[in-house]
Amino acid sequence: MKRLFTILLLAFSLALTAKYPDPASILRAIDANTRFTSLKSTTRMVIKSRRASRTVSSINYSKGDNSFFSEYTSPPRDKGTKMLKLGGNLWIYNPGTDRIVQISGNMLNQSVMGSDLSYEDFMEENSLLQDYNAVIEGEATYDKREVWNIMLTAKRKGLSYPKKRIYVDKERLLPLYEQWFSSSGKLLKTVRSDQVSRIGNRWYPKHVVFKDELKEGSGTDYYVDSIAFDLKIPDAIFSKGSLKK
Amino acid sequence: MLSFLIKGVFRDRHRYLFPLLIVSSGVLIMVFMLALINGYMDSFIRQNAGFDTGHLKVVTAAYSRLLSQKPYDLGLLDIQDELATWKAAYPQLDWVERIHFGALLDVPDNLGQTREQGEVVAFGIDLLSSGRERKLMHLDQALVSGRIPSQSSEILLTDSAFRRLALKLGDPVTLIGSDVFGSMTFRQFRVTGSVRFGVEALDRGAVIVDLADARGMLDMEGGAGEILAFFRNGSYDQKAAEQIRDDFNRRFGDMETASSGGTQTGKSAIWEEETASSGGTQTGKSAIQSESSAIRDEYAPVMLAMSDQNNMGYMLGMMQYLLAIFSLVFIFILGIVLWNSGLMNGIRRYGEIGVRLAIGESKTQIYRSLLIEAGAIGFAGSVLGILLGLLLSAYFNLKGMDVSVFSRNSSLLSEDIIYTSVSLKTALSALIPGMLSTLLGAALAGMAVFKRQTSQLFKELET
């Protein structure tokens, strides 16, 4: 009787496990959607602060996880400001003062152009598979899409968000809603993605709402106006020399 | 009779010397301590008013809720017309506009690359159009090297920041911060000098730039984080300040002060948020209306008295309380000492009092004469103590007393050198405890008179 009970229990747990796919395979698929060898995009950030709402446009280039270059094209006050990430370093060029300033230490926690994103968010590397262990905690419906509810915990120390809960579209394998937590479990940011479209062989959101849960305001809308993956981008763009050009 | 008694006291050295010394030393200490405490209070008020609170301060309602964080992004925008109205409404006040903001100070090397960086607190004050801020912030006295900025894009640093960042006069530096709408903002300055305020909380790392530069950097044209008002006579009058505050908030509290765009956005943001959460139902709407009337315009001006800020009301109240306690303790201790002195005197004058009782003087008359004598000694001792106390206080009023050892780890704004505050009021306030303590001592010691038995007098006098 005892043996039968054990077998049944084992079978039941196996059935439960079998109900969910391998979480690592989901992370791999997400990475395939969101990671790239190179990228060029034009984006708009609509930043809604307590006082006003404003739109910051930029043209961006990325190569892998480590190289990122961005030039702000509007509003006039921000036009010509450039940002360069190379590995663990971040520089900002300000045309008004013609200075290149390295952003480090506490400044990395500061908001980018008053948005709900911090410089540290830009410094994060992109691979969920490399950085997090995943556990599927259930299924749900989000924005009329069937999603996996997955809890991620950091594999290594030093990540800005040691825990994340992501709701991943079952079909397109792209997170539609994310909650980013501190190690103590405090909710720091939420990310909502929509307007998901097919670009080449990947699914990619054209609109993302970032919300810093520690500050007032209704979040930052991030619109991707144009995007192209896996282009040839000259290495010279990802150099300090390009900041002053 | 009175002059007879007083002559009797002052012709007998044994009767007056010891009590006189006790009272005069006590009163001396009290006058000095009162002058020191008042000096500290004056310094505390002056320092806090000049550097931070003003005698009164105008900020937005939203700013006032986060006052200690000095959220300049919630400051007053395009405020010049309103400020002119307020100046006309309260001619007894002087007004100054300020912006406080946190920033990163970046020092470039010869190639323009970052050599050093440090976080600083920046003060945007009017350095160029009038000398008022120089005076309020004691900039001329605080100057350690160089000069005060005399044109746009010049900057003063506290001496510790100046040294820590290994700067030289004339070096270029860049302030990096966020403008009022959150954009990253840069501004280049040239170092003209370094200052030391003698206030540890400020000296750790602050920079001072002209208000116009701060406005340009933070995109706050015509605006200010806070507007400070000072009584023209220079001294803080709490009652008058509170009256002006109440009047201002009644008259101008709901005025549309912020730039119309900002105000409108703020208001509509609240409405949209509330409407969304209410789901548009009738119940929701009435909830919105009552909530809205409570919130009103979060960028409307709010006036605060000094006592409303930084726990200053509590601190000032505590100081008054401390003075009262100090006076009571003084009376009690001195009373005990003089009681003892009176008892000793009673023993010495045992025979004299016996004779006076024997020849028919009543105990009450004797007791009263002892009190009159004590009053005379108390008065003389107090006057002497007051004079000596005033002399000592006057010395420290000129030379000052270094109390930096107590403020080294303090975040309170207090001067490192305290100057005693000498005033006739302070001196006279020590006269009453001086007299009271002497009378208390004599009253307690003189009770022994009532214990003398007339029937025993001759027997006592025989011995």
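Lettering follows sequence order; numbering is per chain, from 1.
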Exercise. Give, as side chain, backbone, both or neither, the part of A:Tyr119 having an atom under 4.5 angstrom from any heavy atom of chain B.
Key: side chain
Quiz item: Which bit of A:Lys48 is near chain B, if near means a heavy-atom gap under 4.5 Å: side chain, backbone, both or neither?
Solution: neither
Practice problem: Mind listing the closest non-hydrogen atom pair of A:Leu86 and A:Ser67 along with its distance? | Solution: CD2-OG, 3.9 Å
Quiz prompt | Minimum-distance pair of heavy atoms, taken over all atoms of A:Lys244 and A:Asp98 | solution = NZ-O, 3.5 Å
Cationic N near anionic O, under 4.0 Å, [X] to [Y]:
X        : Y        : result
A:Glu178 : A:Lys189 : no
B:Arg215 : B:Glu97  : yes
A:Glu137 : A:Arg165 : yes
B:Asp106 : B:Arg115 : no
A:Glu139 : A:Lys170 : yes

Exercise. Could you tell me which of B:Ala62, B:Ser183, B:Ser178 has the largest number of non-hydrogen atom pairs under 4.5 Å with chain A?
Key: B:Ser183
Quiz item: Among residues 72-84 of chain A, which ones touch chain B with a heavy-atom distance under 4.5 Å?
Solution: A:Arg77, A:Asp78
Exercise. Report yes if the side chains of A:Asn89 and A:Lys85 come closer than 4.5 Å at any heavy-atom pair, otherwise no.
Key: no
Self-check item: Member of A:Arg156, A:Lys157, A:Lys164, A:Arg35 meeting the salt bridge (charged side-chain N to carboxylate O under 4.0 Å, His left out) criterion with A:Asp131
Solution: A:Arg156
Quiz item: Among A:Arg44, A:Lys40, A:Lys206, whose salt bridge (charged side-chain N to carboxylate O under 4.0 Å, His left out) with A:Asp225 holds?
Solution: A:Arg44
Quiz item: When only heavy atoms count and the cut-off is under 4.5 Å, which of residues 166-176 of chain B reach chain A?
Solution: B:Thr174, B:Ile176
Quiz item: Going by residue number, which parts of residues 218-226 of chain B are within reach of chain A, meaning a heavy-atom gap below 4.5 Å?
Solution: B:Leu218, B:Asp219
Self-check item: More than 12 heavy atoms from other groups under 6.0 Å of CZ on B:Arg164
Solution: yes
Quiz item: Which of these, A:Val147, A:Ile150, A:Asn149, sits in a side chain to side chain contact (heavy atoms under 4.5 Å, CB included) with A:Val168?
Solution: A:Ile150
Self-check item: From B:Pro301, B:Ser64, B:Pro71, residue fulfilling side chain to side chain contact (heavy atoms under 4.5 Å, CB included) relative to B:Val59
Solution: B:Ser64
Quiz item: Can you list the residues that meet the salt bridge (charged side-chain N to carboxylate O under 4.0 Å, His left out) rule with A:Asp235, with sequence neighbours excluded?
Solution: A:Lys63
